[in-house]
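Just so it is clear, the structure is predicted and the values come from calculations on it, not from any experiment. Counting convention: from 1, in listed order, for ligands and their atoms alike. Residue numbers start at 1 and run along the sequence shown.
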Amino acid sequence: MGQSGVGKTTLGEYILWQQTARGRGWLFIDAKIDRDTRDHLAYMAKVTGREDELYIIDVSDPDNANTYNPVLHGDPDEVASRLMNLIPSAENNPGADHYRQSANHALTVIIAALQASGQLYHFGDLSILLQSDRALENLENDSSRA
Ligand SMILES: Nc1ncnc2c1ncn2[C@@H]1O[C@H](COP(=O)(O)OP(=O)(O)OP(=O)(O)O)[C@@H](O)[C@H]1O
Ligand SMILES: [Mg+2]
């Protein structure tokens with residue numbers, strides 16, 4: 001912690017150099033999007049021969065960034081609840097809560113079927129599967145064959 005210009009980013013870079021040189025891993029989150037720091041980290045990954053282990057996610061410049069799929073990993077219950085957390089809670093609204101629980105159940109089953117059939121998926125696929133009978137039938141066939 002410290003005010004602007006005190007050296008937080010510079011100290012962070014030194015620590016990440018040490019960690020990278022030791023062959024260890026790290027996760028660095030910078031809310032300020034400092035592209036010089038990004039380039040320094042890319043350089044240190046390169047000189048330590050770890051270029052293909054560096055992933056950069058820059059939400060302000062997605063065309064020039066790695067991607068991350070937040071719904072791909074975890075068991076079906078975990079993924080479904082991660083998705084349900086994205087929509088507002090249905091407290092004190094029994095009607096909304098009913099549909100919430102239906103959606104949670106549907107997502108859990110759909111994600112289990114996708115995982116059973118060994119398919120990769122993203123938000124768009126889940127949206128289609130929740131709306132299309134045919135997509136569900138295809139998935140049912142794929143997962144029973146797998
Ligand atoms: N130990 C140090 N000795 C001399 N100069 C330093 C040291 N640490 C940082 N600096 C210099 O101070 C300046 C600001 O450092 P840095 O960008 O790391 O600050 P910061 O705390 O991350 O600031 P901000 O909150 O604005 O991101 C840079 O020019 C950097 O080179
Ligand atoms: Mg900084």
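The protein reaches atom 20 (P) of ligand 1 closely, with a heavy atom under 4.0 angstrom from it. The nearest protein heavy atom to atom 27 (O) of ligand 1 is closer than 4.0 Å. There is no protein heavy atom closer than 4.0 angstrom to atom 3 (N) of ligand 1. Taking a distance limit of 4.0 Å, we find that atom 30 (C) of ligand 1 is approached by some protein heavy atom. In this structure, atom 6 (C) of ligand 1 has no protein heavy-atom contact shorter than 4.0 Å.
Below 3.5 Å of separation, one finds no N or O of Leu11 facing any N or O of ligand 1.
Ligand 1 places these atoms under 4.0 Å from at least one heavy atom of Thr9: 18 (O), 20 (P), 22 (O), 27 (O).
In this structure, a donor-acceptor pair under 3.5 Å is present between the side chains of Gln131 and Ser127. For the residue pair Asn141 / Glu137, no side-chain donor-acceptor distance below 3.5 Å is found, with atom types taken as modelled.
Closest protein heavy atom to atom 25 (O) of ligand 1: Lys8 NZ, 2.6 Å. For atom 14 (C) of ligand 1, the closest non-hydrogen atom of the protein is Gly5 O, 3.6 Å. Among all protein heavy atoms, the one lying closest to atom 24 (P) of ligand 1 is Lys32 NZ, 3.2 Å.
Taking backbone and side chain together, Thr9 holds an N, O or S atom under 2.8 Å from the Mg ion (ligand 2).
In this structure, Ile111 CD1 and Leu83 CG are separated by 5.5 Å, a value rounded to the nearest 0.5 Å. Rounding to the nearest 0.5 angstrom, the gap separating the CD1 atom in Ile56 from the CG atom in Leu54 is 4.5 Å.
Residue Thr10 holds the heavy atom nearest to atom 15 (O) of ligand 1 of all those in Thr37, Asp36, Thr10.
The side-chain heavy atoms of Leu72 and His122, taken from C-beta on, include no pair separated by under 4.5 Å.
Under a 4.0 Å heavy-atom criterion, Gly2 is not in contact with ligand 1.
The environment of Arg134 atom CZ is sparse: at most 12 non-hydrogen atoms of other residues, nucleotides or ligands sit within 6.0 angstrom.
Contact detail for Leu130 and Ala106: the closest heavy-atom pair is CD2-CB, 4.0 Å.
In this structure, Asp30 does not pair ionically with Arg38, as no charged nitrogen and carboxylate oxygen lie closer than 4.0 Å.
Residues satisfying the salt bridge (charged side-chain N to carboxylate O under 4.0 Å, His left out) criterion with Arg100, sequence neighbours excluded, are absent altogether.
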